[in-house]
A.B. asks: 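Structure provided below as structure tokens; questions to follow.
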There are 2 protein chains.
Amino acid sequence: MQHWIIDREAVALDNWRAALPRAQVLGREALAGVRFAGDGIIWVRMRFGEPVIQAVSGVDRSGGQPLVVLADDPNERVVLEALAAGAAGCCNSHAAPAVLRQVVLVVGNGGLWVGQSLLTQLVGATTRRLAQLGEVRANDGWTASLSAREAEVARLVAAGAANKEIAARLKITERTVKAHLTAIFEKLGVRDRLQLSLRVNGLKI
Amino acid sequence: MQHWIIDREAVALDNWRAALPRAQVLGREALAGVRFAGDGIIWVRMRFGEPVIQAVSGVDRSGGQPLVVLADDPNERVVLEALAAGAAGCCNSHAAPAVLRQVVLVVGNGGLWVGQSLLTQLVGATTRRLAQLGEVRANDGWTASLSAREAEVARLVAAGAANKEIAARLKITERTVKAHLTAIFEKLGVRDRLQLSLRVNGLKI
DNA sequence: GTAGCGACTGTACCTTCGTCCAATAGCCGG
DNA sequence: CCGGCTATTGGACGAAGGTACAGTCGCTAC
């Protein structure tokens with residue numbers, strides 16, 4: 001598994017080096033045009049006072065790799081914003097190497113890394129919000145009629161990936177991606193990938 | 001690591017046995033007074049139609065072990081309720097052993113196991129909620145660099161409209177729509193209409 | 001005036017998307 | 001074992017999306 005570390009100054013802290021010895025460190029300015037490919041985790045350092053949006057912006061997420069925010073000043077708000085920005089987790093920049101390795105295990109296997117204190121708040125708020133929305137979207141059930149593979153493709157499309165990228169990520173041909181998409185469109189009754197994206201993202205029923 | 005499986009009928013499915021060979025299976029009625037001790041994971045099966053609360057209630061959580069809900073009928077709502085009830089994750093009762101082992105890895109290391117499909121919903125809902133609260137960005141400023149006409153086109157694209165539809169709606173030619181889009185992509189630094197949609201809808205930074 | 005900008009349109013061309021035909025292979029339940 | 005579902009791929013093709021180069025028109029600022 002590859003690790004990419006993104007920092008404004010392209011500096012890697014000692015604890016990162018210890019936990020992720022083979023990581024590739026990238027500066028913010030060197031980020032333009034960089035496309036991440038293959039299995040791996042993207043780590044983004046958020047320095048003191050730096051907004052999450054700014055730290056995460058410019059990072060290519062089309063490869064589908066999970067992103068973890070390393071915050072100099074972590075707090076619940078920051079973690080929430082990081083998750084909202086699509087991160088799979090957020091932890092202290094100066095966390096011990098053992099903790100970072102744990103994060104790798106969790107995030108690399110599709111989990112979310114969230115501090116316990118935040119969990120209650122996040123879930124509570126989200127639950128209330130969904131209840132307010134009439135629970136329609138929470139129960140949209142777009143996955144129900146799809147096979148596991150189709151759902152996987154649907155999610156990647158919803159995240160903005162192109163067919164070629166999906167093919168590379170799932171290690172199948174572009175032709176197969178198209179086949180899955182045709183099936184998905186038919187099952188969900190949408191006409192193209194953009195409508196699918198809206199549906200998956202709960203913006204359209 | 002110890003695994004405790006709790007089921008109303010004290011039945012263990014084959015996939016559980018495969019993934020958690022040394023697990024201890026407990027019936028609901030045998031649960032009274034049981035105190036879990038040591039490192040491990042508590043698995044609770046939620047049968048069809050059974051409410052989360054009922055499935056989780058009565059389980060001793062004082063030992064601090066993470067709890068995972070195995071749902072016969074998993075959907076976003078169930079997962080959210082499970083998380084709200086203090087579970088560290090929720091997955092399909094009939095998930096493949098490989099998936100269950102992955103869950104062990106994630107949850108055992110302090111992570112949350114959330115299905116990818118829910119993740120999208122959760123993140124989307126959280127984003128919208130934050131936007132509503134004005135905490136993060138009611139408007140991340142994508143309109144700032146666009147002209148009035150471009151913003152209009154951008155909104156229609158974000159809503160899922162095709163170029164031809166936009167042209168008809170705005171009473172201009174499809175060619176002009178394309179011209180506006182080219183300018184929009186350039187200004188916002190996105191590569192196509194799907195990425196634009198995500199940006200406008202606040203799902204991607 | 002004229003330089004700049006935004007809106008608008010045209011021709012041409014390439015890429016990506018989506019669908020049609022068809023096929024092989026594995027798995028699972030009856 | 002067979003029917004049905006799923007995953008996979010191929011070739012071909014029309015439709016839609018997107019770019020490059022070029023041009024007109026009206027408004028505004030210097």
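Note: hydrogens, waters and symmetry copies are ignored here, and every other heavy atom, side chains too, is used. All of these numbers come straight from a predicted model, not from anything done at the bench. To find a chain, count down the sequence lines: A is the first, B the second, and so on, and within it residues start at 1.
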A.B. asks: Write down the distance between CZ (B/R193) and C1' (D/dT19), rounded to a whole number of angstrom.
C.D. replies: 14 Å
A.B. asks: From CD1 of A/I184 over to P of D/dT6, roughly how many Å is that when rounded to an integer?
C.D. replies: 12 Å
A.B. asks: With a cut-off of less than 4.0 Å, is there a side-chain N or O of A/R191 near OP1 or OP2 of C/dG18?
C.D. replies: no
A.B. asks: Other residues, nucleotides and ligands only: do more than 12 of their heavy atoms fall within 6.0 Å of CZ on A/R191?
C.D. replies: yes
A.B. asks: Please give, in whole Å, the distance from C/dT9 P to B/K171 NZ?
C.D. replies: 13 Å
A.B. asks: Expressed in angstrom and rounded to an integer, what is the separation of B/L181 atom CG from C/dC8 atom P?
C.D. replies: 13 Å
A.B. asks: Between D/dG17 atom P and B/E174 atom CD, what is the distance in whole Å?
C.D. replies: 7 Å
A.B. asks: If you check the B/F185 side chain, which of C/dC17, D/dG17, D/dT19 turns out closest?
C.D. replies: D/dT19
A.B. asks: Nearest to the side chain of B/K178, which nucleotide is it out of C/dT9, C/dC17, D/dT19?
C.D. replies: D/dT19
A.B. asks: Given salt bridge (Lys or Arg N to Asp or Glu O under 4.0 Å), test A/E152 with A/R155 step by step and report yes or no.
C.D. replies: CA-CA 5 Å; A/E152 201 168 1; A/R155 269 180 242 113; 5.9 Å; no
A.B. asks: Both B/D192 and B/T173 contact DNA chain C. Taking the nearest nucleotide for each, which residue is further toward the 5' end?
C.D. replies: B/T173
A.B. asks: Whole Å only: how far is the CG atom of B/L194 from the P atom of C/dT15?
C.D. replies: 21 Å
A.B. asks: Please round to the nearest 0.5 Å and tell me the distance separating atom CD of B/E174 and atom CG of B/L181.
C.D. replies: 10.0 Å
A.B. asks: With a 4.0 Å limit, can you tell me whether B/N163 has a side-chain N or O closer than that to the phosphate oxygens OP1/OP2 of D/dG17?
C.D. replies: yes
A.B. asks: For D/dA7 and A/T176 - does any side-chain N or O of the residue sit under 4.0 Å from the phosphate oxygens OP1/OP2?
C.D. replies: no
A.B. asks: Tell me whether the side-chain N/O atoms of B/T182 come closer than 4.0 Å to OP1 or OP2 in D/dG18.
C.D. replies: no
A.B. asks: OP1 or OP2 of C/dC8 versus the side-chain N and O atoms of B/R175: is any pair under 4.0 Å?
C.D. replies: no
A.B. asks: Please classify the nucleic acid contact of A/A183 as base, sugar-phosphate, or nothing, using heavy-atom distances under 4.0 Å.
C.D. replies: nothing
A.B. asks: Rounded to whole Å, please give me the gap between CG in B/L156 and P in D/dG17.
C.D. replies: 13 Å
A.B. asks: Below 4.0 angstrom from OP1 or OP2 of D/dA16, is there any side-chain N or O of B/K164?
C.D. replies: yes
A.B. asks: Does A/R193 reach the main-chain N or O of A/A161 with its side chain, forming a donor-acceptor pair under 3.5 Å?
C.D. replies: yes
A.B. asks: Between B/Q195 and B/L188, does the side-chain contact (heavy atoms from CB on, under 4.5 Å) criterion hold? Intermediate values first, please.
C.D. replies: CA-CA 10 Å; B/Q195 301 271 336; B/L188 296 186; over 6 Å; no
A.B. asks: Atom NE2 of B/H180 to atom C1' of D/dT19: distance rounded to whole Å?
C.D. replies: 16 Å
A.B. asks: With a 4.0 Å limit, can you tell me whether A/S147 has a side-chain N or O closer than that to the phosphate oxygens OP1/OP2 of D/dA7?
C.D. replies: yes
